[in-house]
Amino acid sequence: MTYQNPAFIPGPTNMPEALRRAVDMPTMDHRSAAFAEILQPALAGVKRVLQTETGEVFVFPSTGTGGWETAISNTLSPGDTVLAARNGMFSHKWIDMCKRHGLNVVQVDVDWGEGIPADRFEEILAADGAHEIKAVLATHNETATGVVSDIAAIRAAMDAAGHPALLFVDGVSSIGSMDFRMDAWGVDIAVTGSQKGFMLPAGLAITGFSQKALERIEAATLPRTYFDIRDMRAAYPASGFPYTPPVGLINGLKQASEMLLAEGLDNVFARHARIAEGVRRAVAAWNMALCARRPALYSNSVSAILTPAGFDAGVLVAHAATRYNVAFGAGLGDVAGKLFRIGHLGLLSEAQALLGLAVAEMAMADMGLEVTLGAGVAAAQEFYRSDEP
Ligand SMILES: *Cc1c(COP(=O)(O)O)cnc(C)c1O
């Protein structure tokens, strides 16, 4: 095994050298003034990446999953009802977490490959006259299927139903790579992790809370200690932390935000869109289909590619790893074995994307799939040449 990068998994993503160095820090007293110069810019930078003016950012030594728990445990009480769609492994796991916390879940099952049905949500919310539903959970980008859902449409559905529930959005594989507007979309809690759009090692849960969400924290009675944002909120003004912070990761977060903002969020999103479109052109040239059913659902951070019936896509992923030292994403849950995923978020250029497509073609040919070497690469090349940044 060699550590040959770039990797084409949808997180953890490839790390820029500058960020690898940023997280590699000597011991620092986190009660010193020096930590303030790391923490405050990191929090401010994340706020801008989340596109929120009024929200507050809380960062935990954890991962995206801890961010889910932060969202629900700080705002809800046992027996509360939440509304969520299950359209892939990540939405499934967040629902499972809610159930394990003693919440009732109004679960809308949709085919994997579909997005969150905002119209169905509107019907359910409109029928909930007693406002039993306290929160709507939405996975912005379902990483297991490469499906992006329309969060603005979900907010519009909630507003149309006149429903006061909070809107929690899992943006783990969208924030920092696809447009995400916390304020404009009325997102009450945004959740992500350090190892996707922020291009850092895993180790941070990154959350943004709206003022409306913050108003619910005192009344919420789900047990919480480590993830209690009241402790974070009390400590931050003096640049304190309720426990020992992972200083290097927070320094990485500061620099990652600076890097994204220096490129310009619109440029970051356009780069991801361009790279993703090249990958999709390659998939079309391979005569293969995406798991995502329609162009409006196509994710710009990961493409999930269906392989022919009877073919085990897991074997393809394993072969690419052992023979070519290149990591692709395997199918998860209901789509295990049926698809493989090309992650194209974070640090990635067109040139690097071509490498992944070339290796995918070799691996598919080795495994006996009908693919003409170079066909997908050429389709992507043509697109990348024509679509100048
Ligand atoms: C990766 C991912 C998660 C899980 O995050 P961890 O950091 O692995 O805990 C949750 N949701 C989505 C959409 C993801 O892509």
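Values below: every heavy atom of this structure, side chains too, minus hydrogens, waters and symmetry copies. Whatever order the structure lists them in is the order used to number ligands and atoms, beginning at 1.
Atoms of ligand 1 found under 4.0 Å from any heavy atom of Asn141 (numbered from 1 in listed order, with element): 13 (C). Counting atoms of ligand 1 from 1 in the listed order, those under 4.0 Å from a heavy atom of Ser173 are 13 (C), 15 (O). Taking every heavy atom of Val172 and a limit of under 4.0 angstrom, the matching atoms of ligand 1 come to 1 (C), 2 (C), 3 (C), 10 (C), 11 (N), 12 (C), 14 (C).
The proximity of Lys196 to ligand 1, defined as any non-hydrogen pair under 4.0 Å, is limited to the side chain. Residue contacts with ligand 1, taken as heavy atom pairs separated by less than 4.0 Å, involve Thr63 via backbone and side-chain atoms alike. Counting heavy atoms under 4.0 Å from ligand 1, residue Trp68 touches it through the side chain alone. When heavy-atom distances to ligand 1 are checked against a 4.0 Å cut-off, Lys93 has no atom that comes that close, whether in backbone or side chain.
Note on Glu382 versus Arg385: salt bridge recorded, some NZ/NE/NH1/NH2 to OD/OE distance being below 4.0 Å. One finds a salt bridge joining Arg230 and Glu218 here, because a Lys/Arg side-chain nitrogen approaches an Asp/Glu carboxylate oxygen to under 4.0 Å.
Heavy-atom distances between Gly193 and ligand 1 stay at or above 4.0 Å for every pair.
For atom 11 (N) of ligand 1, the nearest protein heavy atom (residue, atom name, distance) is Asp170 OD2, 2.6 Å. In terms of protein heavy atoms, atom 7 (O) of ligand 1 is closest to Gln195 NE2, 2.7 Å. Among all non-hydrogen protein atoms, the one lying nearest atom 13 (C) of ligand 1 is Thr143 OG1, 3.2 Å.
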Report the C-alpha separation of Phe383 and Arg274 in whole Å, then their side-chain angles, then the decisive distance to 0.1 Å, and conclude whether the side-chain contact (heavy atoms from CB on, under 4.5 Å) test is met. CA-CA 8 Å; Phe383 177 72; Arg274 189 164 58 249; 3.9 Å; yes
Under the side-chain contact (heavy atoms from CB on, under 4.5 Å) criterion, do Lys99 and Gln107 qualify, and how do the steps go? CA-CA 11 Å; Lys99 292 177 178 167; Gln107 180 175 325; 2.9 Å; yes
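Of the polar atoms of Pro10, none of the N or O atoms is found under 3.5 Å from an N or O of ligand 1, judged by distance alone. At under 3.5 Å, not a single nitrogen or oxygen of Thr139, backbone or side chain, sits near a nitrogen or oxygen of ligand 1.
When only modelled atom types and interatomic distance are considered, Ser91 and Glu142 share a side-chain donor-acceptor pair under 3.5 Å. Asp179 and Gln51 share a donor-acceptor pair across their side chains, judged by distance under 3.5 Å alone. Side-chain N/O atoms of Glu56 and Gln211 include a donor and acceptor closer than 3.5 Å.
For Lys196 and Phe90, the positive end sits near the middle of the six-membered ring, less than 6.0 Å away and at most 45° from its axis.
His163 pairs by the ring pair (Phe, Tyr, Trp, His ring centres under 6.0 Å) definition with His131, not counting sequence neighbours.
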